[in-house]
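In what follows, a single structure is set out as structure tokens and then discussed.
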Amino acid sequence: MPRRGLIFQARTRWLLVGLALLFSLMLFMYLLECAPQTDSNGSLPGVVVENLGKEYYQALLQEQEEHYQTRATSLKRQIAQLKQELQEMSDKLKLLQEKKSPRINGMGYQGTKEQASNDLLEFLHSQIDKAEVSIGAKLPSEYGVIPFESFTSMKVFQLEMGLTRHPEEKPVRKDKRDELVEVIEAGLEVINNPDEEDGQDDDDEGIGERPLYNENDFIEGYYRTERDKGTQYELFYKKTDVMEYRHVTLFRPFGPLMKVKSETIDISRSVINIIVPLSGRTEAFAQFMQNFRDVCIHQDKRIHLTVVYFGQDGLSEVRSILESVARETNFHNYTLVSLNEEFNRGRGLDMGARAWEKGEVLMFFCDVDIYFTAEFLNSCRLNAEPGKKVFYPVVFSLYNPAIVYANQDVPPPVEQQLVHKKDSGFWRDFGFGMTCQYRTDFLTVGKMDLHKCFCKFW
């Protein structure tokens, strides 16, 4: 039995081997039968495959090119059809417009153009009417006011500095330079070529006698952008030998510049009552009076000073400083109001405003540590208007000089510290303590309501 089993297993192996050989032979014959026919030139099989590959890809490229040409032809035909349909729709629309507004004396087409121009002009004027350039806007709080940025012919005082911009710098971007140059030239065009509505009397003053303004007469300007309406520009020009300013208001409603207002402002008789609430700080007050002497007494000469002092400690020193300045400069336009109570800035401003008994006056609410110039006082006069406008200057707050000038043995004099640099200070745009406004507005409306109704300037 074991011998028969071994013989059976051997036969099975030979049978499997035979089947495998038979299958291999059939597969070989199939491959020979189905293989591609070769040329009779006796070339190598590898060369034949290479030649067939080039022909195949050339045929494929030609097929793709024909497909793209057919597609391009189809697209061109569709574009031509769309242009034709658009032209037909335009012709139908023109016919409808002509039916609605029939021709008058054969000037129908010109009337259509004039109507389009009038519609555009009406839209631009509607943008001006919506903006705050014409009328005030009631705001939820003082922080809803869009501030103005100030500029001169050489510099821009910018509120948002970021990481690269500085509080005072020349306009670096070409579009900003071109914008400001265009605005200044447009203001000059309005002044030198006034309309009838500007109130220029050509009969009394001929065109040849009217002074012509140029770029050197531009003093300062303010601009701000309402993102949904446009940009407002307030421009001021002045000749060196007169105290009259020419004020031009322009508006760009995301289109060409448009004139809103042009007027002449005479500030020669405008007196400012500077109101300073104070308690202690006699050294700071002495420094304040030094600047007051140089700017207000020697240069401006149209200032009244009201000091509202709280408490008794230091009152005699403050009175002595005022009397000393009065003797040395023959200046007696000041008032010292003494209140024997705790310091309250709002009450001090209210008492200072009520201490004035000569009727209407422009007031400047000031702190003892504020440094201002004669040019600022003129800006105060130009930008405040009774019943319409209040001027809130954005103050540049200086850092601690002991830190800024730590690498120097002694900090420089105060006059040399008063520079608009990124390392020396920042614009305090969140403060509304300094303001120029008329007495009747302050007493009638109240401080908080004024914050809501009027605009903030530089």
When you measure from the side chain of [X] to the backbone of [Y], do you find a donor-acceptor pair of N or O atoms at a distance under 3.5 Å?
X    : Y    : answer
R281 : V368 : no
S74  : T70  : no
K259 : G187 : no

Pick one: which of S279, S320, S338 meets side chain to side chain contact (heavy atoms under 4.5 Å, CB included) with L315?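 One option only clears the test, and that one is S338.
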For [X], does the [atom1] atom sit with more than 12 other heavy atoms under 6.0 Å from it, leaving out its own atoms?
X    : atom1 : answer
E323 : CD    : yes
K301 : NZ    : no
D313 : CG    : no
E63  : CD    : no
E357 : CD    : no

Are T440 and E360 linked by a side-chain donor-acceptor pair shorter than 3.5 Å?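 Looking only at side-chain atoms, E360 and T440 do form a donor-acceptor pair, the distance falling under 3.5 Å.
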Polar contact flag, side-chain donor to acceptor under 3.5 angstrom, E220-T152: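 No, no side-chain donor-acceptor contact under 3.5 Å.
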What I want to find out is whether E179 reaches R252 closely enough, with some N-O distance under 4.0 Å, to be called a salt bridge. no
Mind checking whether Y237 and Y213 have parallel, tilted or perpendicular rings, split at 30° and 60°? perpendicular
Classify the ring geometry between F285 and F288 as parallel (under 30°), tilted (30 to 60°) or perpendicular (over 60°). parallel
State, yes or no, whether a side-chain contact exists between [X] and [Y] at a heavy-atom distance under 4.5 Å.
X    : Y    : answer
N333 : I303 : no
T306 : M363 : no
E65  : Q69  : yes
I191 : D217 : no
D350 : F442 : yes
Y223 : V183 : no

So F157 and F396, ring pair (Phe, Tyr, Trp, His ring centres under 6.0 Å) or not? Walk me through it. CA-CA 10 Å; F157 302 90; F396 189 77; 9.5 Å; no
Looking at every non-hydrogen atom in both residues, tell me the closest pair between [X] and [Y] and how far apart they are.
X    : Y    : result
A384 : L362 : CB-CD1, 3.7 Å
R439 : A353 : NE-O, 2.8 Å
F254 : R227 : CZ-O, 3.3 Å
A326 : Y334 : CB-CE2, 3.9 Å

Please walk me through it: do D300 and R302 pass salt bridge (charged side-chain N to carboxylate O under 4.0 Å, His left out)? CA-CA 6 Å; D300 193 87; R302 292 163 292 167; 3.3 Å; yes
Would you check, one step at a time, whether the test ring pair (Phe, Tyr, Trp, His ring centres under 6.0 Å) holds for F218 with F151? CA-CA 10 Å; F218 176 71; F151 67 96; 5.7 Å; yes
